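None of these values were measured; they are calculated from a predicted model. Every chain is numbered from 1 and lettered A, B, ... according to where its sequence line falls, protein lines coming before strand lines.
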2 protein chains.
Amino acid sequence: MVQHPQIDRTFAALADPTRRSVLERLGQGSATITELAEPFGISLTGMKKHVLVLEDAELVVTEKVGRARRCSLGPRRLDDVQAWVETYRRMLDERLDRFGELLEQTKGTPR
Amino acid sequence: MVQHPQIDRTFAALADPTRRSVLERLGQGSATITELAEPFGISLTGMKKHVLVLEDAELVVTEKVGRARRCSLGPRRLDDVQAWVETYRRMLDERLDRFGELLEQTKGTPR
DNA sequence: GATACACTGAACCAAATGGTTCAGCATCCG
DNA sequence: CGGATGCTGAACCATTTGGTTCAGTGTATC
């Protein structure tokens, strides 16, 4: 058992287009496994696995209601993911800035 | 061959902690495969595979210099990833708002 | 030229992923 | 009650993933 921390599980969950679509669908309101599976032409079992992955990433919560299972978006707003991406952008910008300065310096000493 | 679109490859690339660390390391400046591999106690071949994944996601660019390979951050600022996350957050917020309104309405008609 | 160094490709491996089918088990409906 | 519906667990499968080792190849360095 490798025991991925939450951000790993989250990025991995978001790497699959089917799962991102499911999240977007759930943005319209909760749905059952059957309703989620139908537009993808995928088996119920297959969709249930995707939902499980999303639950593990705490992006989706589910509840058994009668014979159906209602799936809804969880409360996570992906703050950690967004924070990582933003830190990365800032880092990149700094690096490019420093590269720019370097070019600027080099300009004075050609050949 | 499933041929993942770029955003899939990007999320997948970011799902691995080793690869995120490599990106952060490269934020300090470019490095060779050997330099990248060393802190993880991983083989050169292993690190090269990680770098390949990052290259496929266009997060890293590399260049052969003599017998070494210089790896640096590519120019991608993860705009698409950030856009997806932000859209998701907005969607979530709207859904929570509507849920709030629903609670509000229900308040007037108890039992 | 000889030796060391950095990387690379091929082969292999175990585990995870994304999917399937099939056989239940509850639950709902008439 | 009996049938249809909705989900679930187990078993299976092919592919991908994250890692390895080993045997090169090309480049520096003495």
Side-chain angles (χ1 to χ4, degrees), chain A residues 1-26 29-72, chain B residues 1-26 29-72:
Chain A
M1 188 180 39
V2 189
Q3 175 77 359
H4 294 289
Q6 162 137 314
I7 194 160
D8 291 16
R9 274 184 271 118
T10 306
F11 274 124
L14 296 178
D16 186 289
T18 302
R19 285 192 294 260
R20 288 199 309 278
S21 292
V22 165
L23 290 178
E24 287 159 19
R25 165 64 186 80
L26 291 179
S30 63
T32 67
I33 303 278
T34 302
E35 287 162 358
L36 290 177
E38 188 270 326
F40 298 102
I42 212 186
S43 69
L44 290 189
T45 308
M47 180 50 72
K48 216 209 130 196
K49 285 192 185 181
H50 280 304
V51 170
L52 214 253
V53 171
L54 292 168
E55 274 191 277
D56 285 346
E58 290 174 61
L59 292 167
V60 160
V61 295
T62 75
E63 177 198 10
K64 197 83 196 240
V65 175
R67 61 186 165 181
R69 176 171 295 274
R70 295 228 65 74
C71 310
S72 333
Chain B
M1 187 181 37
V2 191
Q3 175 79 356
H4 294 289
Q6 162 139 313
I7 194 161
D8 291 16
R9 275 183 271 119
T10 305
F11 274 124
L14 296 178
D16 185 288
T18 302
R19 285 193 293 261
R20 288 199 309 279
S21 292
V22 165
L23 291 178
E24 286 159 19
R25 164 65 186 77
L26 292 180
S30 63
T32 67
I33 303 279
T34 302
E35 286 162 0
L36 291 176
E38 187 271 327
F40 299 100
I42 211 185
S43 69
L44 290 189
T45 308
M47 179 49 73
K48 215 207 131 197
K49 285 191 184 181
H50 280 304
V51 170
L52 214 253
V53 171
L54 292 168
E55 274 191 278
D56 285 347
E58 291 174 60
L59 292 167
V60 160
V61 294
T62 76
E63 177 197 12
K64 198 81 198 242
V65 174
R67 63 186 166 184
R69 176 172 297 276
R70 296 228 63 75
C71 309
S72 333

On DNA chain C, more 5' by nearest nucleotide between T45(A) and A12(A) is A12(A)
Are the side chain of R19(B) and the backbone N or O of L54(B) linked by a donor-acceptor pair below 3.5 Å?
no
Gap between atoms CG and C1', on L52(B) and dT16(D) respectively (whole Å):
14 Å
Out of dT20(D), dT8(C), dG19(C), which has the shortest distance to the side chain of K49(B)?
dT20(D)
Residues H4(A) and R9(A): side-chain donor-acceptor under 3.5 angstrom
no
Is any side-chain nitrogen or oxygen of S43(B) closer than 4.0 Å to OP1 or OP2 of dT20(D)?
yes
Sorted by position of nearest nucleotide on DNA chain C, 5' first, the leading residue of R70(B) and G66(A) is R70(B)
Please determine whether a side-chain nitrogen or oxygen atom of R67(A) lies at a distance below 4.0 Å from atom OP1 or OP2 of dC25(C).
no
In whole angstroms, the gap separating P of dG19(C) from CG of L36(A) amounts to 14 Å
Nearest-Å distance for atom pair CD1/P, residues I42(B) and dT17(D)
15 Å
Can you tell me if R69(A) touches the phosphate of dG6(D), counting only side-chain N or O atoms and a distance under 4.0 Å to OP1 or OP2?
no
Considering only heavy atoms from C-beta outward, does the side chain of L23(A) approach that of L14(A) to under 4.5 Å?
yes
Tell me: CG of L44(B) to P of dA10(C), nearest whole Å?
17 Å
Rounded to whole Å, the CG-P distance (D16(B) to dA16(C)) equals 14 Å
Can you tell me how far P of dT5(D) sits from NZ of K64(A), to the nearest Å?
17 Å
Could you check if a side-chain atom of T18(A) sits within less than 4.5 angstrom of a side-chain atom of M47(A), using non-hydrogen atoms only?
yes
Of the listed nucleotides (dG19(D), dG9(D), dG18(C)), which one gets closest to any side-chain atom of K48(A)?
dG9(D)
Would you mind reporting whether L36(A) and L26(A) have side-chain heavy atoms less than 4.5 Å apart?
yes
What integer distance in Å separates F40(A):CZ from dG18(C):C1'?
14 Å
Round to a whole Å and report the spacing from CD of E35(A) to C1' of dG6(D).
11 Å
